[in-house]
Protein chains: 2
Amino acid sequence: MAKKARSTQRREDSLSPDRIIEASIALLDSSGENGLTFRALAERLATGPGAIYWHVASKSDLLTAACDAIVARTLSEPVVGATPEASIRALALGMFDAIDAHPWVGSALTRAPGQLPVVRILERLGQQLRALGVPDEEQWETVSALLSYILGVSGQNAANAHFARERDADRSNFLDEVATMWSQLDPDEYPFTRSAAAQLRVHDDRVDFLAGIDLILGGISQRAAAARKGRAGVAGTKSRR
Amino acid sequence: MAKKARSTQRREDSLSPDRIIEASIALLDSSGENGLTFRALAERLATGPGAIYWHVASKSDLLTAACDAIVARTLSEPVVGATPEASIRALALGMFDAIDAHPWVGSALTRAPGQLPVVRILERLGQQLRALGVPDEEQWETVSALLSYILGVSGQNAANAHFARERDADRSNFLDEVATMWSQLDPDEYPFTRSAAAQLRVHDDRVDFLAGIDLILGGISQRAAAARKGRAGVAGTKSRR
DNA sequence: ACCTGAACACCGTTCAAGT
DNA sequence: ACCTGAACACCGTTCAAGT
């Protein structure tokens, strides 16, 4: 057999960042956040823990890279022809579903501020806010609000999934435990939470998530309306902040 | 010397959950999230790691308890006579400042879903939403949105502080690094993020945070206005969702 | 009832040594 | 250039044994 022509030919099963990331995703999906271990990973890749460090700088980098792979996949469809509001909703729901499928992505996102996976989301949101006509000076705080909300829900979802895994391996079971705890709180001190316990049992995370996005979008459009009115009416009276 | 009268008298320096929690807070404030260690804690309390387990069930319980102590302190002032909106703003800002002073509280909150510290915040928000006249069926999703946003910002702040500590011990230095990274992104793929890099350098977290709260409050009032209009006008046309 | 501290079963990371 | 795997410096948690 003549040797292969390609000069950078490698053994099919040799290590590479991509193979390591794929194995990490598989491990995280099957065993949760603390299932990702250099030793477990090495076993899965039929190598030693040290080998992985040739391709990857640290565990947190690896987690961020795995997270980024999921985010990039999720944001891959461009969503043409929709209104900016619809695009933001679609983008947000896409992220929600991705985190629902891979809860560890939620905590990875909140632990990688300003890193590539977060930037991908920021960019998409920002472009839609521009399309929506949000004035330049308000774009940063508006995109920050949307992003914080999305990351907040992500983190909560991840934490719920993590707790459910640790405690009883069932998620609705865990929510039920929390609801029971809430309904046993002191009625004088926690009237709202007690009544909310019932809602907690029947709520739909996805619907609640979208309701929050709509609330923020509503705030954006209200602010835009106020700005229009301000421009049309008398000078600077009643301006914001 | 006659022995003291109190029957449950203990050595002044004996262990108690409270002393352990205070020592934990001191440790977390001075050495960050992973400064809290049973060995370091034991040394500070002049005892062994095993002794702590007599009073505390696990590390995550301890972290939640420390977090709860800060949250309870922060929410202690009742804020009388203010409008519901102003109360929500004050409450949110209080939490923001507390997390700014104790960044580890941010990540502790996001890792304790449905637990006491989160419930305290939920309750206060919920009571103000009732005062605001948000209808019963909308209270849950509204309070969820506010809470997710607050927790999202908390988590981001905690992550920023954590990263800054790990990398260069200076926070604005870290934001500068991120801003530089953003400004070097591909202009075609990341136009928004590149232009946002400038804002990142000069922004004020606290102002941005409040702007997000105002956006959500705006969405709430807009929804209320739409509901009033719907009731006054023709039947169910233009109803939400 | 409360405390001690050694021991267990793990971690991430490094690094001399190999190919 | 890439891989091996033992070793280092940690962890949280348990538990027999003490007072």
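Convention: sequence-line order gives letters A, B, ...; per-chain numbering from 1.
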> Ile52(A) CD1 to dC15(C) C1': how many Å, rounded?
Replying inline: 16 Å
> For DNA chain C, whose closest nucleotide is more 5', that of Gly50(B) or that of Ala57(A)?
Replying inline: Gly50(B)
> Of all residues at least two apart in sequence or in a different chain, which pass the ring-ring contact (aromatic ring centres under 6.0 Å, His included) check with Phe38(A)?
Replying inline: Tyr53(A)
>> Checking Glu123(B) against Thr193(A) for the side-chain hydrogen bond (donor to acceptor under 3.5 Å, both in side chains) test, could you report, in this order, the C-alpha distance in whole Å, the side-chain angles of both residues, the deciding distance, and whether it holds?
In response: CA-CA 6 Å; Glu123(B) 179 66 32; Thr193(A) 307; 2.6 Å; yes
> For Leu27(A) and dC11(C), what is the distance between atoms CG and P respectively, to the nearest whole Å?
Replying inline: 11 Å
> So what stems show up for DNA chain C if we need 3 or more Watson-Crick or G-U pairs in a row, all under 3.5 Å?
Replying inline: C:4-8 with D:12-16, C:12-16 with D:4-8
>> Here's a test for you: under side chain to side chain contact (heavy atoms under 4.5 Å, CB included), which of Ile99(A), Leu147(A), Ile150(A) qualifies with Leu109(A)?
In response: Ile99(A)
> Are any side-chain N or O atoms of Arg19(A) and backbone N or O atoms of Ser14(A), one a donor and one an acceptor, separated by less than 3.5 Å?
Replying inline: yes
>> I'd like to check His162(A) versus Ser107(A) (side-chain heavy atoms, cut-off strictly below 4.5 Å). Are they in contact?
In response: no
> Taking CG from Leu45(B) and C1' from dG5(C), how many angstroms apart are they, rounded to a whole number?
Replying inline: 16 Å
>> Under a 4.0 Å threshold between the charged nitrogen and the carboxylate oxygen, would Arg124(B) count as salt-bridged to Glu189(A)?
In response: no
> Between dA1(D), dG12(D), dG5(C), which one does the side chain of Trp54(A) approach most closely?
Replying inline: dA1(D)
> Which nucleotide sits closest to the side chain of Lys59(A): dG12(C), dT13(D), dC3(D)?
Replying inline: dG12(C)
>> Applying side chain to side chain contact (heavy atoms under 4.5 Å, CB included) to Leu62(A) and Leu41(A), what does each step give before you reach the verdict?
In response: CA-CA 11 Å; Leu62(A) 179 54; Leu41(A) 198 51; 3.5 Å; yes
> Which parts of residues 32-42 of chain B get close to DNA chain D, meaning a heavy atom less than 4.0 angstrom away?
Replying inline: Leu36(B), Thr37(B), Phe38(B), Arg39(B)
> Any chance the rings of Tyr149(A) and Tyr149(B) have centres within less than 6.0 Å?
Replying inline: no
> Looking at His55(B), does any N or O in its side chain come under 4.0 Å of the phosphate oxygens OP1/OP2 on dA1(C)?
Replying inline: no
> In terms of side-chain geometry, is the basic nitrogen of Arg165(B) or Asp170(B) positioned less than 4.0 Å from the acidic oxygen of its partner?
Replying inline: no
> Just how far, in rounded Å, is C1' of dA6(C) from OH of Tyr53(B)?
Replying inline: 15 Å
